[in-house]
Structure formats: structure tokens, C-alpha cells
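What follows is one structure encoded as C-alpha cells, with my remarks underneath.
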2 protein chains.
Amino acid sequence: MARRQATRHSTITDVADAAGVSIKTVSRVFNDEPNVRPLTRDRVLKAAADLDYHPNVAARSLAGRRSFLIGLAYENPSPNYVVDLQRGALERLHGERYRLLVLPFDDASAASGKMQAIARASGLDGMVLAPPLCDDPATVAELEACGLPYARIAPTSGGSHAPDVAMDDREAARAVVDHLVGLGHTRIGVVRGDPSHASAGARLEGYHAGLAAHGLAADPALEVQGAYTFVSGYEAGRALLALPDRPTAIFASNDDMAAGVINAAYEAGVSVPDQLSVVGFDDSNIASVVWPRLTTIHQPIRDMAREATSALLSLIDHEETVPHQMLPFQLVIRGSTGPVPA
Amino acid sequence: MARRQATRHSTITDVADAAGVSIKTVSRVFNDEPNVRPLTRDRVLKAAADLDYHPNVAARSLAGRRSFLIGLAYENPSPNYVVDLQRGALERLHGERYRLLVLPFDDASAASGKMQAIARASGLDGMVLAPPLCDDPATVAELEACGLPYARIAPTSGGSHAPDVAMDDREAARAVVDHLVGLGHTRIGVVRGDPSHASAGARLEGYHAGLAAHGLAADPALEVQGAYTFVSGYEAGRALLALPDRPTAIFASNDDMAAGVINAAYEAGVSVPDQLSVVGFDDSNIASVVWPRLTTIHQPIRDMAREATSALLSLIDHEETVPHQMLPFQLVIRGSTGPVPA
DNA sequence: TTGTAAGCGTTATCAC
DNA sequence: GTGATAACGCTTACAA
């Protein structure tokens with residue numbers, strides 16, 4: 001079986017010969033450069049079509065000193081999140097010459113110190129960094145040092161003038177509390193997220209701010225540590241429901257944990273939302289699969305990825321930088337929240 | 001802000017000069033070619049390390065006429081599935097010079113006829129095709145025509161001598177029926193999968209074979225068409241539960257539909273597994289998130305992707321082809337199945 | 001075991 | 001507007 005393509009592909013020279021022009025003119029046409037007479041242009045395009053010519057990527061990269069490859073680095077374990085991320089980036093890249101290389105890491109420490117090597121080994125033109133990787137100081141410093149253009153998604157750490165796209169986690173968490181208080185809840189528990197993700201802190205802050213805004217005191221007994229996983233949510237739910245004066249509503253810092261809380265309630269014979277309201281965060285696929293459907297914050301992951309990619313492209317192509325961008329969130333009210341039990 | 005790397009990267013010539021050898025020797029070292037004295041080798045490696053030399057990907061691709069890029073094409077909407085696929089492929093690629101380009105398609109028709117263009121535009125050395133794309137005749141024919149090496153994951157259509165890795169869907173569905181019959185069930189409903197996925201047919205066949213093996217007659221009323229989505233499973237579940245002589249067990253052809261069936265049961269006040277047993281297929285993340293946890297067939301997607309990638313690499317690198325490979329499945333018994341109600 | 005020379009197929013420079 | 005011609009950094013023959 002043939003290992004390489006059976007046919008010898010035609011090159012820029014073949015097209016130039018066929019069109020009766022120089023290779024430079026063909027190059028101009030394929031790079032949308034000015035100074036080509038429309039007639040010449042058409043002749044080149046026709047010759048190229050006849051010869052089924054496609055520019056050689058490697059040659060372009062070598063001569064142009066750019067690969068048209070961008071990397072998407074992440075260490076998030078949630079498939080929903082990852083796929084949304086990829087979709088957003090690919091959405092922006094569609095129709096461009098750029099291609100996407102996915103770079104998943106097991107954890108931030110696996111990425112630290114290897115970014116530059118990976119970028120060079122893969123020949124990347126730029127990189128999009130998703131949380132929590134984009135908050136890893138070592139990773140950012142390394143990228144900064146080697147001068148590779150990059151953009152960050154929902155970063156919470158500063159110290160970088162690279163473009164980034166974010167959502168206001170704090171404000172969103174406040175909106176969650178507003179919603180619950182509006183339903184009459186006053187004992188609102190919270191399952192905190194993995195502290196290594198900076199989002200966890202912002203969401204907790206918003207929770208506190210929301211309580212304060214309504215004149216409610218924060219009760220440390222109602223705050224349980226989670227880890228952004230289903231199981232940690234389940235355990236946190238059990239702990240909260242076992243409380244003597246248990247909460248009537250629980251705000252889980254992400255959907256996976258909210259699903260865990262609902263399972264804990266199911267097991268404990270506590271009906272959701274009649275006896276307990278549960279709110280998630282992210283609006284991942286899970287939110288629509290658990291029963292009842294999750295009231296949650298829709299985090300525009302896909303949009304953020306698209307915009308971050310866009311920012312990266314303008315950084316690479318035009319050296320223009322749109323430093324910060326804040327995308328709107330949305331509270332999606334579904335079946336898991338209801339009025340406080342009488 | 002600098003658009004390109006600030007520093008001028010060192011090249012093979014720099015390393016050759018520093019080590020006092022020719023560039024060919026440096027090339028030999030970096031390509032693990034024979035006929036390099038260990039001492040020379042060490043000298044080259046030292047010089048390379050001192051100069052922080054990394055071979056230029058584009059130059060290697062151009063001169064070597066290979067990109068070390070392989071594509072992973074799929075059109076599956078399930079994030080869990082997609083991420084498993086990617087993980088498997090990346091697992092095999094780890095430590096190799098190859099990089100992975102993800103190629104998601106909205107549907108098979110979007111892929112048909114564009115494969116060759118994509119492969120050339122991206123400069124791919126080969127392609128891994130996931131179902132149901134790998135069963136699209138036009139796509140396969142196109143790849144075959146342009147001579148691009150490819151491997152298929154769980155294909156069900158023939159007409160290709162490309163390597164593939166599969167699981168025995170039919171046998172697995174039989175095992176599901178065995179399990180249910182073993183629990184005493186005789187009225188076993190089925191939610192069929194999307195007929196455009198060939199797996200749907202194989203799973204249905206296995207269901208029928210299982211019934212026959214136990215001397216049970218197939219009842220058309222117990223067979224409802226689904227579409228591999230949560231909602232279609234939900235609707236199918238409602239239909240089956242509304243039957244006058246409703247089934248005591250339902251085999252959904254994938255996990256998403258099984259989750260839908262469970263929701264339908266929940267709504268209808270039918271307890272799972274006490275009054276109804278539900279089985280899924282795939283063992284996707286959803287299987288562990290719904291309540292009760294799903295009894296399902298663990299489909300080794302990740303392993304299949306890894307092995308398919310492996311087969312592709314040997315096809316590209318050694319022109320060796322390991323045509324077919326069958327990976328074992330596993331019936332994972334969780335909480336959604338139980339003895340037939342008395 | 002090592003080196004020389006000739007590409008690989010583009011883009012960049014600069015002249016016309 | 002268009003075209004020579006020189007890079008780009010490496011691999012592949014083929015010599016030595």
C-alpha cells in the first residue's frame with residue numbers, strides 16, 4: 001500500500017508556467033496581496049484550479065516563518081468544558097488559514113516549564129490559555145519570556161498585558177444569591193470550588209457579597225469545601241443536609257457538584273426543589289441531564305474561547321492588542337430552585 | 001509588543017559549527033540514525049543543549065515531505081465521547097514527533113467531499129476516522145482515492161482494507177439481554193439508536209439474538225426508535241411506560257437515552273430499579289451522574305482511539321498494516337438494574 | 001563513520 | 001503591476 005500520495009502534487013512553479021506568469025505573481029494571488037491585475041489573477045486562479053494546486057503548508061511555514069498553528073492549552077477535566085472551549089476556538093479559526101492544536105495537561109505542574117519547549121516543538125504561532133492554566137504564574141512567565149503571543153480565558157491573576165476574555169464570576173454568584181433570596185431563602189449553603197481554580201474564590205466572594213447586600217449574616221457552618229467534582233458535591237451535600245438547622249437552598253460552585261448535591265438530597269429523602277433549592281454554575285451539559293434540571297449560571301465558555309482566539313489572531317496578524325474583554329453571564333432558571341418551604 | 005520570538009533561534013548550522021561537525025551529522029543525531037560515534041553524538045547533543053537548539057518543524061516537514069501531523073475526524077456530538085477519543089489518540093502520540101489536529105464535523109455530509117482538501121490544506125500525514133464518519137462511503141472513497149493513510153475506529157461498513165479497531169457491539173447487546181434475563185426479566189423493551197450510526201443496527205441485532213437465545217419472542221411493540229439523544233430517550237421511555245403491558249426492563253442503545261428513560265420513569269412515578277430496570281450503552285460520564293447509576297456496556301473508546309492511532313502510525317512509518325483488531329467490552333453492573341418485580 | 005551538494009516549495013527583497 | 005533571485009532550515013542522495 002502506498003505510503004505517500006500516489007500523485008506528484010503540482011507546485012507553484014507548475015501554476016506559474018501554466019498561467020504564463022512568475023511564481024511571485026502566483027504567490028501574490030494566493031496571499032491576497034495587492035498589485036495583481038484582475039485579469040492576471042483570474043488566469044492564475046484558473047491554472048491553479050486546472051492543476052488542482054494547493055499551496056504546500058510546510059514551504060509556506062518555512063519561508064514565511066510562521067506556522068499558522070495555534071495551540072489551545074487546558075487542564076480542565078470536564079469534557080463539556082473542554083469541548084466548548086475547542087468549539088469556540090475552532091469557530092473563530094474556521095475559514096482562516098490557522099489550524100488548532102489541542103494541548104491538554106493533567107495538571108498545571110505538568111505544563112509549567114514545558115510550555116516553551118512544546119511551543120517550539122510544535123511550531124506554534126500563538127497559544128490560547130484556559131483556566132486554571134492561565135493563572136499559573138510559571139506558565140505565564142515562560143510564555144512572556146519567550147515572546148510567544150498568547151491570550152487568556154477568564155484569568156483571575158494579573159501580571160500580564162496579554163489580551164484576555166472573562167466573565168464576572170463574582171457578580172454572577174451575587175445574582176444566584178439574589179435569585180434565592182427572592183424566593184424567600186435566608187439559610188443558603190454554599191459548596192466551595194477547588195481553591196486552586198481562582199474562580200472558586202470569586203464565586204465565594206459573590207456569595208458573601210450577595211448575602212451582605214440582603215442583610216444576611218454569613219454562617220461558616222453553611223460553607224463546605226468541594227473540589228469541583230461530582231463526588232465532592234455529593235459529600236458536601238450530605239454534610240449540609242445533616243446539619244441540625246439545615247439550609248433551604250444550596251449554591252454549588254459548579255454544575256458537577258450541584259448534581260452531587262441533588263443526589264445526596266435524593267438519598268436523604270429531601271425533595272428538590274420542594275424542600276431544598278439547588279443552584280449550579282457553568283451550565284454544562286450535566287445541568288440538563290440531572291433531574292430536576294439545574295438552575296445555574298450560563299458561563300459563555302464557547303464565546304470566551306472564540307473571543308480569546310480572535311484576540312490572539314489580531315495580536316499575531318496585526319500586532320494589535322485588545323487587552324480586556326468582559327462577556328455577559330446569564331442566570332438560567334430551571335427546575336431545581338423554588339420558594340422556601342413554608 | 002513583539003510579534004515573533006524576540007531571539008533569533010539557533011539552527012542546525014549553529015549546532016554543527018559549535019560541535020565541529022557537519023550539519024548532516026547533527027541531522028543524524030536528531031533523527032536517531034545509525035553510524036554516529038557515541039562520542040560525536042554526545043558532542044552534538046551538548047552543543048545543541050548549550051544553544052537551546054530545537055529542530056525547525058517547517059524545515060523538517062518540507063525537506064522530509066511529511067508533516068508529522070495527524071488528523072482526528074469525528075462528528076459525534078457527545079463531549080464525553082469526543083474527549084475520550086482525543087485522549088486515546090494523544091496518549092499514543094505522546095513522546096512521538098507526531099501532533100494531533102482535531103477535525104470536528106457537524107455531520108457526515110459536511111465532511112463528504114472535503115476530506116482531501118482538508119488533508120492537503122492542513123498538510124496531514126494521516127487521519128483517524130471515528131464513527132459514524134468512518135462508515136460514510138464517500139469519505140472513505142475519497143481518502144482511498146487520494147492515497148492518504150487512515151485508520152478507522154469501530155467501523156461497521158466494509159469496503160476498505162485500512163486498519164481498524166472495533167468492539168463487538170452485537171455481542172455486547174447480547175450480554176445486556178443475558179444480564180436482564182438472568183434477573184428474571186422477560187418483557188424487555190429496547191430504544192433503538194440513530195439508524196445513521198451503524199452501531200444502532202448491531203446493537204439491535206444483539207438484542208434480538210439475546211432474546212432468541214433465551215427462547216423469548218421479539219415483540220415489535222417493545223421496540224421504539226430513538227436518536228441517541230437524551231430527549232429521544234425520554235420520549236421513548238414515556239411511550240414504553242404508557243404501554244398496557246409495559247416492559248419490566250428497557251435496554252437503551254446508549255447512555256444518553258438511558259438517562260432520558262430514567263427521567264421518564266421518574267416522572268411517571270415508576271421506581272428504578274424496583275419497578276423498572278434500565279440499561280445503557282457506552283459507559284459515558286453520564287452513566288455515573290444519573291441516579292441510580294447506570295448499568296451499561298463499557299465501550300473502550302479511549303483504547304480504540306489509541307490502538308487506531310497506533311495502527312495509523314505503523315502504516316505511515318513502516319508501511320505495515322494490522323488490518324483488524326477487536327477490543328473486549330465489559331458489562332458494568334450498577335444500580336439501574338434489579339430483579340423483575342414480583 | 002562522516003561530509004558535500006542538491007533540493008524541498010514557498011515567501012521576501014528589490015529591481016524593473 | 002510584475003519578475004528574478006536569494007533565502008528559509010532541514011533531509012536525501014551520494015561521496016569520501
* Just do the side-chain contact (heavy atoms from CB on, under 4.5 Å) check on B:His54 and B:Asp52 with the steps written out, would you? => CA-CA 7 Å; B:His54 293 253; B:Asp52 188 31; 3.4 Å; yes
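- Within the 4.5 Å cutoff, no side-chain heavy atoms of A:Pro132 are placed close to those of A:Tyr74.
- Nearest heavy atom pair, residue A:Asp125 against residue A:Tyr98, reads OD2-CE2, 3.9 Å.
- In the set D:dG9, C:dG3, C:dT10, the nucleotide with an atom closest to the side chain of B:Thr25 is C:dG3.
- When each of C:dT11, C:dT4, D:dA4 is scored by its nearest atom to the side-chain atoms of A:Ser22, the top-ranked nucleotide is D:dA4.
- Taking atom CD1 of A:Ile23 as the reference point, atom C1' of D:dC8 lies 13 Å away to the nearest angstrom.
- The phosphate of C:dT11 (OP1 or OP2) has a side-chain N or O of A:Ser27 nearer than 4.0 angstrom.
- Residues A:Arg87 and A:Asp303 are not paired through a salt bridge, judged by the lack of any N-O separation under 4.0 Å between the basic side chain and the carboxylate.
- A salt bridge does not link A:Lys46 to A:Asp42: none of the charged side-chain nitrogens sits closer than 4.0 Å to a carboxylate oxygen.
- Using a 4.5 Å heavy-atom threshold, the side chains of B:Arg99 and A:Val102 count as separate.
- Within the structure, a side-chain polar atom (N or O) of A:Arg60 is placed less than 4.0 Å from OP1 or OP2 of C:dT11.
- Near DNA chain D, defined here as any heavy-atom distance below 4.0 Å, there are no residues from residues 45-58 of chain A.
- The nearest whole Å value for the distance from the NZ atom in B:Lys24 to the C1' atom in D:dA13 is 9 Å.
- At most 12 non-hydrogen atoms from other residues, nucleotides or ligands lie less than 6.0 angstrom from CZ of A:Arg41.
- Map A:Leu62 and B:Val26 each onto its nearest nucleotide of DNA chain D; the residue landing nearer the 5' end is A:Leu62.
- With distances taken from any side-chain atom of B:Ile12 to the nucleotides C:dT11, D:dC10, D:dG3, the minimum falls on D:dC10.
- Among the atoms of the strands shown, only primed sugar atoms or phosphate atoms (P, OP1, OP2) are found under 4.0 Å from some heavy atom of B:Thr40.
- Checking C:dT4, C:dC8, C:dT11 against every side-chain atom of B:Ala63, the shortest atom distance belongs to C:dC8.
- Remark: C1' of C:dG9 and NE2 of A:His9 are 13 Å apart, rounded to the nearest angstrom.
- With C:dG9, D:dT2, D:dT12 as the choices, the nucleotide that has an atom nearest any side-chain atom of B:Glu33 turns out to be D:dT12.
- Among the nucleotides C:dT10, D:dG1, C:dT13, the one closest to the side chain of A:Arg37 is D:dG1.
- The phosphate of C:dT2 (OP1 or OP2) has no side-chain N or O of B:Asn35 nearer than 4.0 angstrom.
- As rounded to whole Å, 10 Å separates atom C1' of D:dG9 from atom CZ of A:Arg65.
- Rounding to whole angstrom units, CG of residue A:Asp17 and C1' of D:dG3 are separated by 13 Å.
- Between the P atom of C:dT1 and the CZ atom of B:Arg41 lies a distance of 13 Å, rounded to the nearest Å.
- With distances taken from any side-chain atom of B:Arg28 to the nucleotides D:dT12, C:dC8, D:dC14, the minimum falls on D:dC14.
- No salt bridge links A:Arg302 with A:Glu307; every basic N to acidic carboxylate O contact stays at or beyond 4.0 Å.
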